[in-house]
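Notes for the one structure printed next.
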Number of protein chains: 2
Amino acid sequence: MKELLYLKDDQLKDLIEKIFVGYRETFSDSKKILDKYSIGLAHQKVIHLLSMYEGISISKLLAKLKVTKQSLNRVLKDLIKLETIVFKKDEIDTRIKHVYLNEKGKKIFEEIFLLQKKRIYNALLDSSSEEVINFDKVLKKIING
Amino acid sequence: MKELLYLKDDQLKDLIEKIFVGYRETFSDSKKILDKYSIGLAHQKVIHLLSMYEGISISKLLAKLKVTKQSLNRVLKDLIKLETIVFKKDEIDTRIKHVYLNEKGKKIFEEIFLLQKKRIYNALLDSSSEEVINFDKVLKKIING
DNA sequence: TATAATATGTCAATATAACTTACCTATAAT
DNA sequence: ATTATAGGTAAGTTATATTGACATATTATA
């Protein structure tokens with residue numbers, strides 16, 4: 001057991017609180033835009049992933065979100081009603097559905113993202129490239145358990 | 001506008017996804033313990049803060065959690081029923097209530113924390129002290145907007 | 001070809017955590 | 001005396017998720 005300060009319980013508690021607050025703040029900046037379209041955090045996350053992974057399949061979306069089919073389906077139905085997403089069947093395996101943002105969906109994502117990214121952008125702008133790289137590195141290690 | 005790679009939209013999107021996943025994973029490791037005591041994520045967060053800030057007042061808890069009184073009250077009632085917390089009136093201003101974990105509360109927190117901290121601990125153990133310091137630094141900047 | 005596995009959809013019921021609006025008491029500060 | 005602060009509560013609602021069960025279409029495999 002190393003005796004490093006940052007491996008002590010108090011520091012770990014502090015980091016855990018920061019991870020929570022960081023997440024909460026990062027996903028609350030765009031609330032006004034979500035309200036404008038009568039959607040919520042769950043929809044924002046899906047739109048975000050659709051923007052990152054164009055044509056992602058339903059099962060891969062599920063794996064990334066770690067929610068149930070039923071839960072995702074509600075969100076997708078809302079997004080269809082809002083006319084923001086389209087589906088395309090896989091040409092080889094027609095069981096697979098690929099999901100895409102259409103033009104309206106992309107526009108709404110950009111509105112959300114414009115607000116959401118500000119916080120991160122400013123934090124990174126105010127940091128050295130090494131700080132940023134290390135932030136990313138440690139976060140990745142946390143994720144990969 | 002700097003032309004740094006990590007300030008590009010794709011990288012910002014990637015970081016935002018990581019912040020979400022990092023949070024979700026960090027707060028899901030202890031689910032089994034929560035189930036054991038029939039409590040949820042909201043209770044875990046309160047217990048966590050009570051462990052960090054012994055004797056914190058209700059209003060300061062509310063400010064840290066950013067939820068409504070009604071929402072916090074439900075959680076506190078559950079924790080009272082579970083016999084994990086106690087209150088002490090402020091000796092000077094008796095309107096203020098200080099909240100503490102009792103022995104049982106502290107024991108349950110340790111059970112939760114033991115599982116939860118593993119992920120963070122291992123990530124930090126696998127990192128240099130500079131990486132950890134930079135992680136903390138950037139996270140703080142994200143929080144402070 | 002029959003069977004199993006995969007990808008997706010859906011119904012019903014329930015749980016968790018939060019919200020809004022409104023009103024209340026007690027105490028402290030001005 | 002009035003206002004502000006700290007906290008509590010009631011009723012109704014919303015957002016997001018769950019479990020369990022069942023259905024369909026398609027692909028892979030024995």
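In what follows, chains are A, B, ... by sequence order, proteins preceding strands, each numbered from 1.
Screening B:K32, B:K36, B:K106 for a side chain to side chain donor-acceptor pair (under 3.5 Å) with B:E111, the sole residue that qualifies is B:K36.
If you check every strand for non-hydrogen atoms under 4.0 Å, A:K77 touches sugar and phosphate atoms only. Using a 4.0 Å heavy-atom cutoff across all strands shown, B:L65 reaches no nucleic acid atom at all. Residue contacts shown for A:K60 are absent, as no nucleic acid heavy atom lies under 4.0 Å away.
Helical stems in DNA chain C, defined as runs of 3 or more consecutive Watson-Crick or G-U wobble pairs with donor-acceptor distances under 3.5 Å: C:1-30 with D:1-30.
Judged by closest nucleotide on DNA chain D, B:K69 is the one of B:K69 and A:K89 placed further toward the 5' end. Mapping A:D93 and A:S71 onto DNA chain D by nearest heavy atom places A:S71 closer to the 5' end of the strand.
Separating the CG atom of A:L62 from the C1' atom of C:dG9 is a distance of 11 Å, rounded to the nearest angstrom. Look at CD on B:E91: it is 18 Å from P on D:dA6, rounded to the nearest Å. One can place CD1 of A:I56 at 14 Å from C1' of C:dA7, the figure rounded to the nearest angstrom. Atom CD1 in A:I92 sits roughly 14 Å away from atom P in C:dA7 (whole-Å rounding). The CD1 atom of B:I47 sits 11 Å away from the P atom of C:dA17 (whole-angstrom rounding). Nucleotide C:dG9 holds its C1' atom 11 Å from the CG atom of A:L76, rounded to whole Å. One interatomic measurement links the two molecules: NZ of A:K88 to P of C:dT8, which rounds to 16 Å at whole-angstrom precision. Between B:L79 atom CG and C:dT16 atom P there is a gap of 14 Å when expressed in whole angstrom units.
The base of C:dT8 has none of its N or O atoms less than 3.5 Å from a complementary donor or acceptor on the side chain of A:R95. A donor and an acceptor atom never sit less than 3.5 Å apart when one is taken from the side chain of A:K97 and the other from the base of C:dT8. Side-chain to base pairing of B:Q70 with D:dG12: no donor and acceptor N or O lie closer than 3.5 Å to each other.
For D:dT19, the OP1/OP2 oxygens have no side-chain nitrogen or oxygen of A:T68 closer than 4.0 Å. At D:dT27, one or more side-chain N or O atoms of A:T94 fall inside 4.0 Å of OP1 or OP2 (strictly under the cut-off). In terms of phosphate contacts, B:R74 brings a side-chain nitrogen or oxygen within less than 4.0 Å of OP1 or OP2 of C:dA17. One finds a side-chain N or O of B:S59 lying less than 4.0 angstrom from the OP1 or OP2 phosphate oxygen of D:dG7.
Between A:E131 and B:K141 a salt bridge is recorded (basic side-chain N to carboxylate O distance below 4.0 Å). A salt bridge does not link A:R95 to A:D90: none of the charged nitrogens lies less than 4.0 Å from a carboxylate oxygen. A salt bridge between B:K13 and B:D9 is absent, with no side-chain N of the basic residue lying under 4.0 Å from a carboxylate O of the acidic one. The pair B:E25-B:K18 does not count as a salt bridge, with every side-chain nitrogen at least 4.0 angstrom from each carboxylate oxygen.
DNA chain C lies under 4.0 Å from no heavy atom of any residue of residues 31-43 of chain A.
At least one cation-pi condition fails for B:K137 and A:F135: the charged atom is not both under 6.0 angstrom from the six-membered ring centre and inside a 45 degree cone around its axis. Both cation-pi conditions hold for A:K88 and A:Y100: the charged atom is under 6.0 angstrom from the six-membered ring centre and inside a 45 degree cone around its axis. Remark: B:R24 qualifies as a cation-pi partner of B:F20 under the 6.0 Å distance and 45° angle criteria applied to the six-membered ring.
Using bins of under 30°, 30° to 60° and over 60° for the plane-to-plane angle, the ring pair B:Y23/B:F27 lands in the tilted bin.
The environment of NZ in A:K107 is crowded: more than 12 heavy-atom neighbours from other residues, nucleotides or ligands sit within 6.0 Å.
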